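As structure tokens, the structure follows; a few thoughts come after it.
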Amino acid sequence: QVQLVESGGGLVQAGGSLRLSCTASGRTFSSGTMGWFRQAPGKEREFVAAISWSGGRTYYSDSVKGRFTISRDNAKNTLYLQMNSLKPEDTAVYYCNADVRLYGSNWRGTNPHWGQGTQVTVSS
């Protein structure tokens, strides 16, 4: 099974930037689409971004499109999320998933192994 460890979160002012990382271990880095999700207090986990194995295709939720950039380095077994122009509504715990799939119009993390997440807090 794959173990995922997210890092890079923190406290930042609105308009600032953060870069999240998700490092995988335990077995070969995912050969499929990987992605980021987030969960704010009192809300359900929601899709943020996904990227194909080659990195040639990326997908974003409307709320982050144009501000966030997902990337991956398969040689380093690491997934990234560059977050710019952060807003208070981006505050959440961010998680990565090693197998993200599209069901209709909904992206879901189908790998049952989630990391512990990394907290992102954006102050106004």
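Just so it is clear, the structure is predicted and the values come from calculations on it, not from any experiment. The figures here come from the full heavy-atom set of this structure, side chains too, leaving out hydrogens, waters and symmetry mates.
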| task | Evaluate the side-chain proximity of Leu4 to Thr23: yes if any heavy-atom separation is below 4.5 Å, no if none is. | result | no
| What pairs with Arg101 under salt bridge (charged side-chain N to carboxylate O under 4.0 Å, His left out), at least two apart in sequence or on another chain? | Asp99
| task | Could you check if a side-chain atom of Gln116 sits within less than 4.5 angstrom of a side-chain atom of Val5, using non-hydrogen atoms only? | result | yes
| task | Kindly confirm or rule out a cation-pi arrangement of Arg108 over Tyr103, judged by NZ or CZ under 6.0 Å from the six-membered ring centre and within 45° of its axis? | result | yes
| side chain to side chain contact (heavy atoms under 4.5 Å, CB included) between Tyr80 and Leu20, worked out | CA-CA 6 Å; Tyr80 301 100; Leu20 306 184; over 6 Å; no
| request: May I ask you to decide if the ring planes of Trp114 and Phe37 are parallel, tilted or perpendicular, using 30° and 60° as cut-offs? | output: perpendicular
| query | Can you list every salt bridge (charged side-chain N to carboxylate O under 4.0 Å, His left out) pair that touches residues 79-91, not counting sequence neighbours? | reply | Arg38-Asp90, Arg67-Asp90
| query | Heavy atoms, side chains only, cut-off 4.5 Å: are Arg57 and Trp53 in contact? | reply | no
| request: Compute the ring centroids of Phe47 and Trp36, then answer whether they are less than 6.0 Å apart. | output: no
| Flag side-chain contact, heavy atom, 4.5 Å: Phe68 against Val48 | yes
| Is there side-chain contact between Glu6 and Tyr95, with at least one heavy-atom pair below 4.5 Å? | yes
| field | Qualifying residues under side chain to side chain contact (heavy atoms under 4.5 Å, CB included), relative to Ala49, sequence neighbours excluded | value | Tyr60, Ile70, Leu81
| message | Test side chain to side chain contact (heavy atoms under 4.5 Å, CB included) on Ser71 and Gln82; report intermediate values, then the result. | response | CA-CA 8 Å; Ser71 61; Gln82 177 66 44; over 6 Å; no
| query | Can you check whether Trp107 reaches Asn97 side chain to side chain, under 4.5 Å on heavy atoms? | reply | no
| query | Tell me, do Met83 and Tyr94 make a side-chain contact under 4.5 Å, heavy atoms counted? | reply | yes
